*Asks:* 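Take a look at this one; I'll ask things after.
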Amino acid sequence: MSLFTRLLGALSLALILSAPARADQSPLFSDPTIATSGLALMNNYNSAFAAVASCNSGNSAPANLQAGAVAGMCWADTSLAGYIIMRDFDGVSWVERYRLDLANHVVAAPLGTGIGSLPAATTVDLCSTPRSSVTITGTVPITAFGGSCVQQGVLKVLNFTGNATLTYNATSLVLPGVGNVTTAAGDTAIAQYLGSGNWRVISYQPASGSAVKNPAIPVCVKIDYMGFAANLPAGYVLGTGQALSRFSFPDYLACSTITVPGTLTNGSLVITGLPSTAELSVGMPVEGAGIQAGSTIASINSSTQITLNVSHTATLNGTQSLTIFAYGYGAGGDATTVGVPDCRGFKIAGRDPAASQLGAFSGLNVTKGAELHTMSAGELAAHTHGVTDPGHIHAITDPGHVHQAVQPTQTRNDGTQVLSTMSFGSSQNTSLAVTGITINSHTTGITINSFGSNTPFTVLDPTMSANCAVRVLP
């Protein structure tokens, strides 16, 4: 190596080490078409190093590569007073990475990376899109958010467009309220990746503004909603006897059914050994091992025994776990649905197991009464009827009659009798005679007045209508 070369290298190194840092967008290349002396070439290198060190700092996009900017190239954008905006070239645009706040000496990093969209599915892999905000479309139930994230702690902002059920899992999909959540259009959530395909939803905000879980009004509570049905709050449905999906409304399914042990006898309709029949009613569906489809309670025999409907005999022996549905399957429902009570036109009264106020009113979903009632004779109170009597006269027919006097006789001394002299006193008798007097018959004209019209009458208390609503979601 010549002395000149060694001196040139030492000078270059000294210039590099001593040059102050500065904003620079100097060319990052040396033009091969221009003859450049050793010192000038060294200065070009130093300027290029300064541009690289300052991340091509300047108030406009760098154009210091001979062939133009390349993907991955950085730019410290100084065009905004008080900030240095760090940008990366993606091959088309200069994308902001973060900002340096020169006054407060902090980094201001953008949280969002655009909005992506994924369809609802059993597994919605949130990290399959690089976007930090993801819109989930559709109504397919979701059980997982996928495991393709590169590291733990990744946050995703979720936006929902419809009614998709998020299925709670204590490990893989932890949800607020420790239960399933049914989304609604406009609902948002923040999900955090925990690793190994597990996620926790750390925040969930319904679009309605209501809480995810409302402990003040639990599921299965009936309310009188005075507003229009179209404005019914989220989580409620009108009580019209409709069928709801068991999968979509698991909390309502849980509170409107009861699971109890019962003893079956193969070929028999009778189920014994129930803990209690106090809340059961005729017509409630019964499901379980050894119970035929379509089985319902036909009669309640005792506090521990029921009889199923005809032709639905048990197919197993022994004690089985039985599920009984308070409100059936709902109109048009089946073994995948659960019924909502039809409370239209009904007031709600408390069960009366002791029949202290209402007889045969122990079970759930029992109905009594009617708006109108027509009384029977046996229901009438003791009463009197008014009598109209115009009065009347009986005519007498008297043909007249004669009484003959009886003249007494006297006995002479010789024993003969002669008539005595007529002399009538107060005690003198006459002969009997029929008078012939008759009392003519006559219509009295007496009438007993009628009363009542047999018109049905109302037995309702003063009543005001409202929408009967049932809470079916927590």
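These values consider heavy atoms only, across backbone and side chains, with no hydrogens, waters or symmetry-generated copies. Here the structure is a predicted model, which means the values were calculated and not measured.
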*Asks:* Parallel, tilted or perpendicular: which fits the ring planes of Trp199 and Tyr193, with parallel below 30° and perpendicular above 60°?
*Replies:*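 Aromatic pair Trp199/Tyr193 classed tilted.
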*Asks:* According to side chain to side chain contact (heavy atoms under 4.5 Å, CB included), who are the partners of Ile202, at least two apart in sequence or on a separate chain?
*Replies:*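 Scan of Ile202 (side chain to side chain contact (heavy atoms under 4.5 Å, CB included), adjacent residues dropped) gives Leu155, Ile190, Gln192, Arg200.
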*Asks:* Can you name the nearest heavy-atom pair linking Arg471 to Ala234, along with the distance?
*Replies:*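 The answer is NH1-O, 4.2 Å.
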*Asks:* Give me the atom names and distance for the closest heavy-atom approach of Thr182 to Tyr204.
*Replies:*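 Closest approach of Thr182 to Tyr204, heavy atoms only: O-OH, 4.3 Å.
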*Asks:* Whether the side chain of Asn56 engages the backbone of Ala61 through a donor-acceptor N/O pair (distance < 3.5 Å, no angle test) should be reported.
*Replies:*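 Pair absent, no side-chain N/O of Asn56 close to backbone of Ala61.
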*Asks:* Would you find a donor on one side and an acceptor on the other, under 3.5 Å apart, between the side chain of Asp77 and the backbone of Met86?
*Replies:*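 Not at all, since once roles are kept as given, no pair shorter than 3.5 Å links the two residues.
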*Asks:* So Phe457 and His373, would you call those rings parallel, tilted or perpendicular, with 30° and 60° as cut-offs?
*Replies:*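 Perpendicular.
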*Asks:* Donor-acceptor pair, distance only, cut-off 3.5 Å: does the side chain of Trp75 make one with the backbone of Ser60?
*Replies:*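 Such a contact is found between Trp75 side chain and Ser60 backbone.
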*Asks:* For the backbone of Thr161 and the side chain of Thr183, can you confirm whether one donor and one acceptor N or O come within less than 3.5 Å of each other?
*Replies:*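 No, the answer is negative, given that no donor and acceptor are paired below the 3.5 Å cut-off.
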*Asks:* In terms of heavy-atom contacts, does OH of Tyr329 have more than 12 from other residues, nucleotides or ligands at under 6.0 Å?
*Replies:*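 Counting neighbours around OH of Tyr329, more than 12 heavy atoms of other residues, nucleotides or ligands fall under 6.0 Å, so yes.
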*Asks:* Just by modelled atom types, is the Ser299 backbone N or O under 3.5 Å from a matching donor or acceptor in the Thr307 side chain?
*Replies:*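 No, Thr307 side chain to Ser299 backbone: no donor-acceptor pair under 3.5 Å.
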*Asks:* Closer than 3.5 angstrom, by distance alone: can the side chain of Ser302 be matched with the main-chain N or O of Gln305 as a donor-acceptor pair?
*Replies:*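 Yes, the answer is positive, given that a donor and an acceptor are paired below the 3.5 Å cut-off.
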*Asks:* For residues 136-151, which side-chain donor-acceptor pairs fall under 3.5 Å, sequence neighbours excluded?
*Replies:*
residue	atom	partner	partner atom	Å
Thr143	OG1	Thr122	O	3.0
Ser148	OG	Asp125	OD1	2.8
Ser148	OG	Asp125	OD2	3.0

*Asks:* Does the Asp187 side chain pair with the main chain of Phe160, one donor and one acceptor, at a distance under 3.5 Å?
*Replies:*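 Side chain of Asp187 to backbone of Phe160, a donor-acceptor pair under 3.5 Å: no, none is there.
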*Asks:* Please examine the side chains of Asn301 and Thr272, heavy atoms only from C-beta on, and report whether any two atoms are closer than 4.5 Å.
*Replies:*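 Of all side-chain heavy-atom pairs linking Asn301 with Thr272, none is under 4.5 Å.
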*Asks:* For Glu379, does the CD atom have more than 12 heavy-atom neighbours from other residues, nucleotides or ligands under 6.0 Å away?
*Replies:*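 Count over threshold, so yes.
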*Asks:* Answer yes or no: is there a donor N or O on one side and an acceptor on the other, between the side chain of Asn365 and the main chain of Tyr327, under 3.5 Å?
*Replies:*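 Such a contact is absent between Asn365 side chain and Tyr327 backbone.
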*Asks:* Check whether Asn180 reaches the backbone of Tyr168 with its side chain - one donor and one acceptor, N or O, closer than 3.5 Å.
*Replies:*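 Yes, the answer is positive, given that a donor and an acceptor are paired below the 3.5 Å cut-off.
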*Asks:* For the pair Leu80 and Arg99, evaluate side chain to side chain contact (heavy atoms under 4.5 Å, CB included) and give the outcome as yes or no after the intermediate values.
*Replies:* CA-CA 10 Å; Leu80 180 62; Arg99 298 185 181 194; 3.4 Å; yes
